[in-house]
Amino acid sequence: MGNKVQEIITQRIIEKLEEAIKTGQCAPWHKPWNSNTVPVNHITQRPYRGVNLLLLDNGEYLTWSQLCDLRKHRPELHLREGSKSHMVVYFSFKESTKEVTKPDGQTEQKAVKIPYLRYYRVFSIKDVEGLEPRRQQVAYEHDPIEAAEIVVRDYMERETSLSLRYTDEDKACYRPSSDEVSVPSKELYANLAEFYSTLFHELTHSTGHPKRLNRLRGPAFFGDSEYSKEELCAELGAAMLCGCCGIDNSEAANNSVAYLQSWLSALRNDMSLIVSAAAKAQRATDYILGISHEETA
């Protein structure tokens, strides 16, 4: 079932990329997010996370069961005829064992938890007659640039071995060997959204260091599966962080056909790419923001 779910998700993202190519729009991970627009559950007001940010449009959603519970007290609510449900995915775990070799050469069975993908369906409240949004709109009284600087500062203060260098070169990168992020200075960017998107992209890469989330376990080469997963992870991480700060990530979007076609090809070649990269990006974003996974469960 897990592989089938991944195929359905990947096909949905492929359709969005194909539409972006036709209309000249940006990739689905470059849509602007903030606390007023990120998709949330209508009842709990908890935001959807990971790849669900790409599957769902902005707004509030609820399950059929939640709608039925509401109708017990508000029988006038009803789902409009022809309304379509939307897939929401999550990881569950099953217990298993694997054989491991101990330092003395002896083998033993070790208990492990194997993740697998599950899904359920939700409806947009726009399709529920008589139901109004519950989310309170947040007035953005803060400066998004100041918010971004605070995110960068707090992360760098926690990660004392990580260095950040601004240069006059037309190149941004993260070097795991020296644990250094290098980005061009602000003045070299057309707009600040592009600068912070680039900076957050490279900071997301830095979370893959073995002393952090341990994604970067060996060299990855342009065009291979691991390279694509890490690059998409960084793209998504940058988008999520821009959204947290209130920066319009679409202003930094690459709308070129070549860029969009490259991701189309990568997704078609690896049905696990988008789900894996989105999950890793969510973990990376939480790590940079200093949010524990227990807090986001």
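Here, residue 1 is the first one in the sequence, and each next residue gets the next number. The structure displayed is predicted, hence computed values, not measured ones.
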Backbone of Leu273 reached by a side-chain donor or acceptor of Ser276 within 3.5 Å: no
For the residue pair Tyr166 and Phe195, does the interplanar ring angle fall in the parallel (under 30°), tilted (30 to 60°) or perpendicular (over 60°) class? tilted
When you compare the side chain of Val181 with that of Val183, does any pair of heavy atoms fall below 4.5 Å? yes
Just wondering, do Pro39 and Leu53 contact through their side chains at under 4.5 Å, heavy atoms? yes
Check: Arg135 side chain, His42 main-chain N or O, donor-acceptor pair, under 3.5 Å: no
How about Gln136: does its CD atom have over 12 heavy atoms from other parts shown lying under 6.0 Å from it? no
Report yes or no: do Leu117 and Tyr120 belong to one cluster of Ile/Leu/Val/Met/Phe/Trp/Tyr joined by side chain heavy-atom distances under 4.5 Å? no
When you group the ILVMFWY residues by side-chain heavy-atom contacts below 4.5 Å and let the links chain together, are Met271 and Leu55 in the same group? no
Measure the spacing between CG of Asp270 and CD of Gln6 and express it to the nearest 0.5 Å. 8.5 Å
Could you please spell out the steps behind the side chain to side chain contact (heavy atoms under 4.5 Å, CB included) verdict for Gln66 and Asn41? CA-CA 10 Å; Gln66 288 175 325; Asn41 182 273; 3.1 Å; yes
Test item: side-chain donor near acceptor, Asp179 and Tyr174, under 3.5 Å: yes
Taking the side chain from Gln282 and the backbone from Gly50, do they hold a donor-acceptor pair closer than 3.5 Å? yes
Quick one: closest heavy-atom pair of Asn255 and Gly24, and the distance? ND2-O, 3.5 Å
If you measure from CD1 on Ile13 to CG on Leu264, what distance do you get to the nearest 0.5 Å? 11.0 Å
Nearest 0.5 angstrom please: Leu192 CG to Leu199 CG, how far? 11.5 Å
Considering non-hydrogen atoms only, spot the tightest contact between Pro32 and Thr37 and give its length. O-OG1, 3.8 Å
Gap between atom CG of Leu62 and atom CZ of Arg121 - 0.5 Å precision: 14.5 Å
Above 12 or not: heavy atoms from other molecules or residues under 6.0 Å from CG of Asp170? no
Under the side chain to side chain contact (heavy atoms under 4.5 Å, CB included) criterion, do Leu260 and Asn254 qualify, and how do the steps go? CA-CA 8 Å; Leu260 297 171; Asn254 183 345; over 6 Å; no
Regarding Arg134 and Glu60, does a basic nitrogen lie under 4.0 Å from an acidic carboxylate oxygen? no
Flag for Ser206-Tyr155: side-chain donor and acceptor within less than 3.5 Å: yes
May I ask you to decide if Ser262's main-chain N or O and Ser265's side chain share a donor-acceptor pair within less than 3.5 Å? no
Let me confirm one number: the CD1-CG distance from Ile9 to Leu54, rounded to the nearest 0.5 Å. 10.0 Å
Exercise: do Tyr61 and Lys126 side chains pair donor with acceptor under 3.5 Å: no
Got a list of side-chain donor-acceptor pairs under 3.5 Å for residues 232-250, not counting sequence neighbours?
residue, atom, partner, partner atom, Å
Glu235, OE1, Trp29, NE1, 3.2
Glu235, OE1, Tyr259, OH, 2.1
Asp248, OD1, Ser250, N, 3.0
Asp248, OD1, Ser250, OG, 2.5
Asp248, OD2, Ser250, OG, 3.3
Asn249, OD1, Ser197, OG, 3.4
Asn249, ND2, Trp29, O, 3.3
Asn249, ND2, His30, ND1, 3.0

Taking Leu289's backbone N and O only, do any of them form a donor-acceptor pair with Asp154's side chain (distance below 3.5 Å, no angle check)? no
Determine, stepwise, if the pair Tyr287 / Glu159 fulfils side chain to side chain donor-acceptor pair (under 3.5 Å). CA-CA 11 Å; Tyr287 188 92; Glu159 301 300 319; 2.9 Å; yes
What pairs with His209 under ring-ring contact (aromatic ring centres under 6.0 Å, His included), at least two apart in sequence or on another chain? none
Under a 4.5 Å cut-off applied to non-hydrogen side-chain atoms, are Ile125 and Pro133 in contact? yes
Are the charged groups of Lys16 and Glu19 less than 4.0 angstrom apart, N to O? no
Would you say Phe200 ends up clustered with Ile291 if hydrophobic residues are merged whenever their side chains have heavy atoms under 4.5 Å apart, either directly or through other cluster members? yes
Val275 side chain near Val89 side chain, heavy-atom distance below 4.5 Å: no
For a quick test of reading the model, state the closest non-hydrogen atom pair linking Gly290 to Arg158 and the distance between them. N-NH2, 3.5 Å
Taking the hydrophobic residues Ile, Leu, Val, Met, Phe, Trp and Tyr, and joining any pair whose side-chain heavy atoms are under 4.5 Å apart, which ones share a cluster with Leu188? none
Under a 4.5 Å cut-off applied to non-hydrogen side-chain atoms, are Trp64 and Leu79 in contact? yes
Do the side chains of Glu129 and Arg74 get close enough for a salt bridge, i.e. N-O under 4.0 angstrom? no
With hydrophobic residues grouped by side-chain heavy-atom distances under 4.5 Å, do Ile14 and Leu56 end up in a single group? no
Which heavy atom of Ser83 sits nearest to which heavy atom of Phe123, and what is that distance? O-CE2, 4.2 Å
Any side-chain heavy atom of Tyr196 within less than 4.5 Å of one from Lys186? yes
Can Leu131 be reached from Val40 by stepping across I, L, V, M, F, W or Y side chains whose heavy atoms are under 4.5 Å apart? no
Residue pair Arg71, His78: steps toward the side chain to side chain contact (heavy atoms under 4.5 Å, CB included) verdict: CA-CA 8 Å; Arg71 281 174 52 83; His78 68 272; 3.9 Å; yes
Apply side chain to side chain donor-acceptor pair (under 3.5 Å) to residues His205 and Glu230 and explain how you reach the verdict. CA-CA 7 Å; His205 278 314; Glu230 180 58 26; 2.8 Å; yes
Any Lys/Arg nitrogen of Lys171 or Glu169 sitting under 4.0 Å from an Asp/Glu carboxylate oxygen of the other? no
Is it the case that over 12 heavy atoms from other parts of the model lie below 6.0 angstrom from the NZ atom of Lys211? yes
CD of Glu81: more than 12 outside heavy atoms within 6.0 angstrom? no
Just do the side chain to side chain contact (heavy atoms under 4.5 Å, CB included) check on Tyr119 and Ile8 with the steps written out, would you? CA-CA 11 Å; Tyr119 75 95; Ile8 294 171; 6.0 Å; no
Run the salt-bridge test on Arg283 and Asp286 with the 4.0 Å N-O cut-off and return the result as yes or no. no
Is the side chain of Ser182 donor-acceptor paired with the backbone N or O of Cys173 at a distance under 3.5 Å, no angle test? no
From Leu213 CG over to Thr207 OG1, what is the distance, rounded to the nearest 0.5 angstrom? 5.0 Å
Can you confirm whether Ile150 sits close enough to Arg153 that some side-chain heavy atom of one is under 4.5 Å from a side-chain heavy atom of the other? yes
